[in-house]
2 protein chains.
Amino acid sequence: MKGSNLGEFEELVLLMVMILQEEAYVLKIQEELHAQTGRKVAMGALHTTLSRLTSKDFLTSVFTGATQERGGRRKRVYSVSAAGKSALQEATAIRKTLLDQVPNYAWQVRYI
Amino acid sequence: MKGSNLGEFEELVLLMVMILQEEAYVLKIQEELHAQTGRKVAMGALHTTLSRLTSKDFLTSVFTGATQERGGRRKRVYSVSAAGKSALQEATAIRKTLLDQVPNYAWQVRYI
DNA sequence: AGTTATTTTCGATTTTGCAGAACAAATAAA
DNA sequence: TTTATTTGTTCTGCAAAATCGAAAATAACT
């Protein structure tokens, strides 16, 4: 219970990987991250975060066989490990707890 | 809509300030942060974050008159600005949106 | 004036976030 | 069968965020 805190971007990336599932490879992640959060990050940036998350054992990855598209290299597909999920879970839970204690709920985002 | 992303610790601090209200001064924040999240941060760390948030205009602060306790200096009480609230709101909303797209809700923290 | 508790300020360091260029692989086109 | 083009990976490097520890202030009480 040390609280292996996730950086804010790391957290977004973990979420995207969970959402994308078998489609969780860099380009897709980058694209989807932009579509959903309006954030456009360089590929290098994403790779750095991805490998940092991997060395923290929050992500694992495997190569898929190359497809027959123009320039279609084999892609590395990521998935969130159990540790990654619980880190995410913990961060979410803590914030939820705090959020519930904020007086004047007016400003809050409605759950439900 | 630039996405003035909050760091993960910055976000926790903003939340604590909102929760603590008139009691939002460093020592209290530190103490409460530890109580609620199990995280023990050094005072210096907190001050750095607090002033970063202030220069981003997410926090404002005023001095209270010193109380009559032994060693009781006047404390600087913080409060979250409108900009701070919306930054918080935005971060929360984005994550909520993503969270809702994660397949296999089982692992998720229940809202409600 | 000196002691004591509380808060703020000041380096210094590690970890995260992010960009861009160089490199590698695969295929389409010339 | 070379060359161009697209897709993906690695490397280098800097900026911003997270932290610590110690030094300076400040305020009451002796």
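Just the heavy atoms: all of them, side chains too, but no hydrogens, waters or symmetry mates, feed the values below. Sequence lines set the chain letters: A, B, ... in the order given, protein chains first and strands last, and positions in each chain run from 1. These numbers come from a predicted model, not from an experiment.
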(message) Checking the side chain of B/Thr37 only, and the main-chain atoms of B/His34 only, is there a donor and an acceptor separated by less than 3.5 Å?
(response) no
(message) Rounded to whole Å, please give me the gap between CZ in B/Phe58 and P in D/dA16.
(response) 15 Å
(request) Write down the distance between CZ (B/Phe63) and C1' (C/dT8), rounded to a whole number of angstrom. (result) 8 Å
(message) Please determine whether a side-chain nitrogen or oxygen atom of A/Arg74 lies at a distance below 4.0 Å from atom OP1 or OP2 of C/dA25.
(response) no
(request) Provide, to the nearest angstrom, the distance between the CD atom belonging to B/Glu31 and the C1' atom belonging to C/dT7. (result) 14 Å
(request) Specify the separation, in whole Å, of atom CD1 of B/Ile29 and atom C1' of C/dT8. (result) 13 Å
(request) Assign a letter to each nucleotide of nucleotides 11-22 of chain C from its 5' end: B, base within under 4.0 Å of a protein heavy atom; S, sugar-phosphate only; -, no contact. (result) -----BBBBB--
(message) Whole angstroms only, please: what is the CG-P distance between B/Leu59 and D/dA17?
(response) 14 Å
(request) Could you tell me whether the side chain of A/Ser55 and the main chain of A/Arg52 form a donor-acceptor pair under 3.5 Å? (result) yes
(message) What is the separation between atom CD on B/Gln30 and atom P on C/dT8, rounded to the nearest whole Å?
(response) 12 Å
(message) With a 4.0 Å cutoff (strictly under), does any side-chain N or O of B/His47 reach OP1 or OP2 of C/dT9?
(response) no
(request) In whole angstrom, give the distance that lies between atom CZ of A/Arg76 and atom P of C/dA26. (result) 14 Å
(message) For B/Asn5 versus B/Lys56, what's the shortest heavy-atom pair and its separation?
(response) O-NZ, 3.9 Å
(message) Keeping B/Gln30 on the side-chain end and B/Val41 on the backbone end, is there a donor-acceptor pair under 3.5 Å?
(response) yes
(request) Determine, using the 4.5 Å side-chain heavy-atom cutoff (strictly less than), whether B/Tyr78 and B/Phe63 are members of one ILVMFWY cluster. (result) no
(request) Give the minimum heavy-atom separation between B/Leu53 and B/Val13, together with the two atoms involved. (result) CD1-CG1, 3.9 Å
(request) For the pair B/Ser81 (side chain) and B/Asp57 (backbone), establish whether a donor and an acceptor sit closer than 3.5 Å, ignoring hydrogens and angles. (result) yes
(message) In whole Å, I'd like the distance from the CG atom of A/Leu27 to the P atom of D/dG8.
(response) 4 Å
(request) Confirm from the modelled atom types if A/Arg73 and C/dA24 form a donor-acceptor pair under 3.5 Å, side chain to base only. (result) yes
